[in-house]
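Reviewing the structure listed below.
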Amino acid sequence: MRTAFRILLVVVIVGGAFAIYRLLFRSNGGSGTVVSTYKVARGRIEQTVQGTGGLESATSAAIASKVAGTYAEPLVTEGQQVEADQLLMRIANDEIDTAVNLKETEVDRLKKQLEDISKPVDERSDVKKAKASLDRAQNDYDTLKRKLDDEVAKGAASSLSPRDLEKLRTDVDFAARDLELATDAYEDTRKSVTDADKREAQEKVTQAEAELKRLREEAAGREVRSPIKGTVLKVLVEPEGLKVDPDKEYPKDTPLFVVADLSSLFVRGWIYQSDAALLDGDRINKPNAPEADRVKARVQLSSQGRVLDGWVTYLSLTPTESASGVRQYEVKITFPAPPQGVTDGLQVSFEIVVERLDDALVLPVKYVELVGPSAFVQKLEGGRPVRTEVRLGISDNNSYQVLDGLNEGDVIRWETVSR
């Protein structure tokens, strides 16, 4: 008795399943038609355009060595926050010190020369020196001349022999000549400095000071400092390599660090020409536009599974042709607040909101048949599908906006063959 009941139960279940299958699939030579319906309703729809790009920092610095020399170990590591003017590394170069010292000595000497020749004539060192020579010559002449006059006045009572007296006369003549030469030299020295000489001396000082400034700046370049506040993205000199060869001298302009202000990150990306035509460039490129007028965008961080909201703040007016010949337009997307946990160089995808409607008649894409510029649906009237033309508005990847041809509550039928 129980066995017969079980057989009857199986028959009922199988028969019910077959009946359900018949409702869903109409026999068609081993194939079936899957049928579904949709009740037209209101909802939200967004038209967007997609693109790809990368995160960049509006404020970044690629730091290279300003001087040649040997390197000390970097004082920072990747990911470390640094302040503007913070010391990152030191470079040793003794030749720069020597050059600075020599130039400082030269500048001091030239300044003293300029200072001296700019003084009043009688206060100049060369004039004072010539005057001192003149005074000595005058004193020597006066002394010898008085002695000669005294001896001549004594006559026969002179203590000098005729020969010594003659020699004294010769000495007086020589002293007179020396006095004349010293007088001429003094007068020439007083006239030796002209305005042109002063200008030339000033120019020498100016040139030497400029060279000293350059050398000091070069010397300061031995201390590698961050020009901005930010995050160290790259340390390009391996500390281990410095330890292996501490005496290695690196040339000037060797790349050392990359620092970026991650609070100024933005997206630089590209969209296709057909998509760019959907965007309002004047609205996007308007400076200081109010928030309500800004074009919204969503940035997908595929590697992190995150989405960041932003605004499109730039759309190029002319396209750029890629290597493959595709014409694309550059866009920039900024964020209302600095994004956290991301860094410069990260590749992203994004979508830009062209238009958003919160109360539109929405129809799934699969229910629409597109024939050239026209669109049709299978609308149920009296339980029977009637091919009905509709006018569509914006669309996203899943739905269309219905502008005309359907009303809220209409039921649309869709079917497809399944094997």
Side-chain angles (χ1 to χ4, degrees), residues 44 46-64 73-89 224-239 255-271 275-276 279-280 283-316 328-356 358 396-397:
R44 177 184 298 173
E46 281 187 343
Q47 183 180 20
T48 61
V49 297
Q50 285 73 42
T52 58
L55 287 173
E56 295 183 18
S57 173
T59 306
S60 62
I63 304 169
E73 185 172 344
L75 302 175
V76 294
T77 57
E78 291 184 2
Q80 182 175 335
Q81 300 292 314
V82 295
E83 298 294 326
D85 201 41
Q86 182 171 331
L87 182 63
L88 307 180
M89 191 176 73
V224 181
R225 296 180 177 275
S226 175
I228 62 172
K229 178 181 179 180
T231 301
V232 179
L233 299 184
K234 294 180 182 179
V235 177
L236 301 172
V237 177
E238 295 293 338
L256 301 176
F257 304 93
V258 176
V259 178
D261 178 6
L262 298 184
S263 67
S264 65
L265 283 177
F266 70 97
V267 174
R268 186 191 304 275
W270 303 90
I271 59 176
D275 291 333
L279 298 174
D280 185 347
R283 175 186 173 192
I284 289 173
N285 293 327
K286 183 179 180 181
N288 303 318
E291 183 174 338
D293 292 342
R294 296 177 181 176
V295 176
K296 295 181 179 180
R298 290 184 289 269
V299 178
Q300 289 86 31
L301 308 178
S302 301
S303 61
Q304 300 182 7
R306 296 170 57 194
V307 176
L308 301 176
D309 292 326
W311 298 306
V312 185
T313 52
Y314 172 77
L315 172 64
S316 60
Q328 294 179 308
Y329 282 74
E330 181 184 356
V331 296
K332 293 179 183 178
I333 300 171
T334 58
F335 303 101
Q340 302 299 314
V342 293
T343 187
D344 188 286
L346 185 65
Q347 296 302 299
V348 300
S349 59
F350 57 85
E351 57 181 5
I352 300 170
V353 179
V354 178
E355 187 175 359
R356 169 175 164 169
D358 292 321
D396 58 22
N397 294 329

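Heavy-atom basis, side chains included; hydrogens, waters and symmetry copies ignored. Position 1 is the first residue of the sequence, and the numbers go up from there.
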Donor-acceptor contact below 3.5 Å, side chain [X] vs main chain [Y]:
X      : Y      : result
Ser226 : Ile228 : yes
Arg225 : Asp85  : yes
Glu238 : Leu236 : no
Arg298 : Phe350 : no
Glu78  : Val235 : yes
Gln304 : Leu301 : no
Ser264 : Ala58  : yes
Gln300 : Leu308 : no
Asp344 : Ser57  : yes

Could you grab the distance from atom [atom1] of [X] to atom [atom2] of [Y], nearest 0.5 Å is fine?
X      : Y      : atom1 : atom2 : result
Phe266 : Leu55  : CZ    : CG    : 9.5 Å
Trp311 : Thr334 : CH2   : OG1   : 6.5 Å
Arg44  : Asp396 : CZ    : CG    : 11.5 Å
Leu265 : Gln340 : CG    : CD    : 9.5 Å
Lys332 : Glu56  : NZ    : CD    : 8.0 Å
Thr52  : Gln347 : OG1   : CD    : 8.0 Å

field: Sole candidate of Thr48, Asp275, Val295 that passes side-chain contact (heavy atoms from CB on, under 4.5 Å) when paired with Ile352
entry: Val295

Taking the side chain as every heavy atom from C-beta outward, state whether [X] and [Y] have any atom pair closer than 4.5 Å.
X      : Y      : answer
Val82  : Val76  : yes
Lys296 : Val312 : no
Val342 : Arg306 : yes
Val331 : Trp270 : no
Val49  : Val354 : yes
Val299 : Phe335 : yes
Val258 : Ile63  : no
Leu262 : Thr343 : yes

Heavy atoms only: give me the nearest [X]-[Y] pair and the separation to one decimal.
X      : Y      : answer
Ala260 : Leu233 : CB-CD1, 3.6 Å
Pro227 : Ala84  : O-CB, 4.2 Å
Ile333 : Ala297 : CD1-CB, 3.9 Å
Gln86  : Gln81  : OE1-O, 4.4 Å

task: Before giving the answer on side chain to side chain contact (heavy atoms under 4.5 Å, CB included), spell out for Val348 and Val267 the whole-Å C-alpha distance, their side-chain angles and the decisive distance to 0.1 Å.
output: CA-CA 8 Å; Val348 300; Val267 174; 3.9 Å; yes

- prompt: Would Asp261 and Lys229 satisfy side chain to side chain contact (heavy atoms under 4.5 Å, CB included), going step by step from the backbone distance to the final call?
  reply: CA-CA 6 Å; Asp261 178 6; Lys229 178 181 179 180; over 6 Å; no

- request: Could you pull out all residues at least two apart from Glu330 that satisfy salt bridge (Lys or Arg N to Asp or Glu O under 4.0 Å)?
  value: Arg268

